[in-house]
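Every heavy atom of this structure was used, including side-chain atoms; hydrogens, water molecules and symmetry mates were not. A, B, ... follow the sequence lines: proteins, then strands. Residue 1 opens every chain.
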Amino acid sequence: MSGKIFTYVMLTIAIIFLIGPFIIIFAASFSESEVLSFPPKGFTLQWFKKVISMPMFIRSFETSLWVAILASLLALLLGIPVAYVLARFDFPGKRFVEILTTLPVIIPQMVAGLALLRIFIIMEIFSIRTTLLIGHTAIVLPFAVRIISSSILNFPYSIEEAAISLGASRLRVFINVVLPNITVGIISAFILTFITSFNNVPISLFLTGPGISTLPIVMMTYMEYYYDPSIAALATLLILITLGVVLVMQKLLGISKML
Amino acid sequence: MDQEMERDDNWKIESFGEVARVYGKKYVLLLLPALVFLGVFFLVPLLIVVADSIRSSEGEGIFFNYFAFFKDHVSRTAYLRSIRIGLWVTGLSAIISYPTALAIASMSNRTLKTVFMTLMVLPLMTNPVARTFAWLAVLGRYGLLNNLLLSAKIIEEPIRMLYTEGAVLIGLLQLFMPMMILSITSALENIPEDLILVAKSLGASGFQTFVRVTFPLSVEGLIIGGTLVFTGSITAYVTPAILGGSRVLMLSTLLYQKAAVVLDWDMATTIAVMMFLTTLLINAGLRFIGKVGRK
């Protein structure tokens with residue numbers, strides 16, 4: 001029994017350690033003090049007003065949003081066929097395909113970012129914007145493939161077979177039978193790839209330049225020069241948005257499938 | 001993460017006695033767009049850059065950059081520091097996560113379990129800059145800890161806690177511990193309840209059951225969690241950049257300095273390759289330990 005009490009004590013410590021900083025940031029973002037401090041002094045909304053009106057944050061928020069949406073859509077477009085073939089077919093070289101499509105999560109992202117910078121931007125093959133999109137698409141693709149292929153695997157093959165034996169073409173089976181049954185998988189893949197791209201720093205680090213930067217990168221740059229609570233306000237906003245997304249995902253597919 | 005994939009694989013083999021064979025080669029064409037994309041836009045640039053680092057752009061002979069990497073005091077220190085901090089984070093997170101995971105896995109109330117799992121997932125989904133920023137409010141000069149210590153009269157003026165190895169370690173621990181907790185929890189939940197009951201009915205005490213049944217069966221979760229945490233720790237950029245700065249250079253922050261500030265491409269690429277090789281090596285090592293442990 002004492003073992004059980006011990007595990008609950010550790011659980012409490014872990015929760016305080018993991019969630020405590022969120023509460024601190026939340027409180028600090030309302031502080032009137034000009035420097036980041038805790039406990040906070042007074043109550044003000046000025047930092048929230050400041051961050052949602054600063055052009056550098058607005059512009060980079062838009063960039064992040066667009067990159068995340070486009071990269072997620074591209075990843076779905078490229079990933080759904082791969083997920084289907086991997087889930088349903090066996091063929092020589094399958095292992096190779098599996099390895100190649102998980103490569104972007106195995107290679108440290110800074111390494112990939114550096115390679116893309118040197119080959120595409122320095123050699124002026126693509127613009128920074130295009131390279132940023134390529135990098136983000138590559139790093140979120142493995143997530144899309146994994147989530148969607150597991151959702152295809154959960155859909156019994158016999159139903160597809162039934163449709164085929166009734167004379168439907170493979171393409172028609174895919175569009176009319178498979179797709180409607182994996183919508184939840186596709187939506188959750190989109191949400192996860194979106195979050196992954198939106199939060200990303202390591203791949204964006206080398207793929208931003210004058211006029212084009214993502215929100216996390218701009219936040220880091222801002223923090224180097226200013227020590228006021230405006231980043232706390234921005235962080236609070238991001239945490240609240242994330243909380244909303246996590247709750248939606250949990251409703252959609254339960255916690256175990258989220259990672 | 002890996003475990004989820006493995007489980008899916010097993011499931012597939014069981015449920016389709018035979019996976020559909022390819023009828024003709026044309027379905028493989030569906031793979032082409034993604035493979036071409038990853039090949040051209042990801043693999044090729046990587047290979048070119050890696051080959052470049054081996055060759056050395058100034059013609060000093062092959063592997064020159066790698067000798068330079070180990071000869072240079074700054075990069076050697078950063079390398080060893082990254083590995084050391086990575087091991088600390090992995091070890092500490094295992095120690096805290098295991099009992100935590102036991103507590104979560106043993107909860108019988110489903111709602112309560114979901115609430116705790118959500119609390120574990122939330123940090124993973126949150127912007128790492130936002131998460132790391134919180135530590136500035138805790139460890140900073142006017143932060144929580146300094147204020148506490150000052151008002152308790154333990155110290156007389158604020159002490160510097162930021163830009164130390166300890167600060168980086170704490171930040172990384174918070175960043176990656178959820179992965180460890182989740183992978184141990186999922187390993188624990190995969191242990192069939194019958195096994196525990198059998199052990200108990202054969203007269204094993206709670207402690208014996210844990211040591212001889214539960215723990216060996218959950219080692220896999222520890223290994224997977226360890227791999228994720230270690231790899232994450234030695235490749236993370238945000239935390240060492242914000243909490244360590246240039247006082248506590250790690251591989252990632254050094255890489256950024258070389259590439260973006262000093263524009264030393266050769267050294268930057270060498271650091272990048274070393275980072276990658278180290279993650280591979282440690283992952284292989286941990287997997288090997290896992291295999292031996294199971295036998």
* **Which atoms of A:Leu18 approach chain B - backbone, side chain, both or neither, heavy atom under 4.5 Å** => both
* Kindly determine whether B:Met125 and A:Asn199 satisfy side chain to side chain contact (heavy atoms under 4.5 Å, CB included), including the steps that lead there. => CA-CA 8 Å; B:Met125 301 285 206; A:Asn199 285 341; 5.5 Å; no
* For residues B:Ala130 and A:Ala235, report the shortest heavy-atom separation together with the two atoms involved. => CB-CB, 3.4 Å
* Hey, mind stepping through B:Thr126 and A:Leu238 against side chain to side chain contact (heavy atoms under 4.5 Å, CB included) and telling me if it holds? -> CA-CA 7 Å; B:Thr126 311; A:Leu238 290 177; 5.7 Å; no
* To do: Kindly determine whether A:Phe6 and B:Leu102 satisfy side chain to side chain contact (heavy atoms under 4.5 Å, CB included), including the steps that lead there.
  => CA-CA 10 Å; A:Phe6 170 69; B:Leu102 271 177; over 6 Å; no
* Structure fact -> Ranked by heavy-atom pairs below 4.5 Å to chain A, first place among B:Leu145, B:Ile170, B:Thr185, B:Leu280 goes to B:Ile170
* **Option passing side chain to side chain contact (heavy atoms under 4.5 Å, CB included) with B:Leu46 (candidates A:Ile119, A:Ile107, A:Leu114)** => A:Ile107
* Toward chain B, the part of A:Ile195 with a non-hydrogen atom under 4.5 Å -> side chain
* Are side-chain heavy atoms of B:Tyr237 and A:Pro108 found at a separation under 4.5 Å? -> no
* Which bit of A:Pro202 comes within less than 4.5 Å of chain B, counting heavy atoms only: side chain, backbone, both or neither? -> neither
* Which atom of A:Ala14 lies closest to which atom of B:Ile96, heavy atoms considered -> CB-CG2, 4.2 Å
* Is the shortest heavy-atom distance from the side chain of B:Thr235 to the side chain of A:Gln109 under 4.5 Å? -> no
* Write down the atom of B:Pro99, the atom of A:Thr7, and the distance for their closest heavy-atom approach. => O-CB, 3.3 Å
* Taking the side chain as every heavy atom from C-beta outward, state whether A:Met223 and B:Ile242 have any atom pair closer than 4.5 Å. => yes
* Asked: Of all heavy-atom pairs between A:Phe91 and B:Leu31, which one has the smallest distance, and what is that distance?
  -> CZ-CD1, 3.6 Å
* Structure fact -> All heavy atoms of A:Phe206 vs all of B:Ala259, minimum pair found to be CE2-CB, 3.5 Å
* Student check: side-chain heavy atoms of B:Phe276 and A:Ile106 closer than 4.5 Å -> yes
* To do: Mind listing the closest non-hydrogen atom pair of A:Lys4 and B:Ser106 along with its distance?
  => NZ-OG, 3.7 Å
* Heavy-atom side-chain contact between B:Phe116 and A:Ile15 under 4.5 Å -> yes
* To do: Please report the C-alpha distance between B:Phe133 and A:Leu234 in whole Å, then the side-chain angles of each, then the deciding distance to 0.1 Å, and finally whether the side chain to side chain contact (heavy atoms under 4.5 Å, CB included) criterion is met.
  => CA-CA 11 Å; B:Phe133 183 75; A:Leu234 196 50; over 6 Å; no
* Part of A:Val85 within contact of chain B (heavy atom distance under 4.5 Å) -> side chain
* Close side-chain approach of A:Ile24 to B:Leu144, heavy-atom, < 4.5 Å -> yes
* To do: State, yes or no, whether a side-chain contact exists between A:Leu103 and B:Leu38 at a heavy-atom distance under 4.5 Å.
  => no
* **Non-hydrogen side-chain atoms of A:Val82 and B:Leu35 separated by less than 4.5 Å** => no
* Region of A:Pro104 in contact with chain B, defined by heavy-atom distances below 4.5 Å -> both
* Asked: Looking at A:Ser149, A:Gly135, A:Ala115, which one has more heavy-atom pairs under 4.5 Å with chain B than the rest?
  -> A:Ala115
* Between B:Phe41 and A:Phe126, does the ring centre distance come in under 6.0 Å? -> yes
* **Toward chain B, the part of A:Ile122 with a non-hydrogen atom under 4.5 Å** => side chain
* Asked: Mind checking whether B:Trp135 and A:Phe17 have ring centres under 6.0 Å apart?
  -> yes
* Supply the atom-to-atom distance B:Leu136 CG to A:Ile231 CD1, rounded to the nearest 0.5 angstrom. => 10.0 Å
* To do: Please name all residues satisfying salt bridge (Lys or Arg N to Asp or Glu O under 4.0 Å) with A:Arg118, sequence neighbours left out, ordered by chain then number.
  => B:Asp52
* Heavy-atom contact with chain B under 4.5 Å, split by part of A:Thr101 -> both
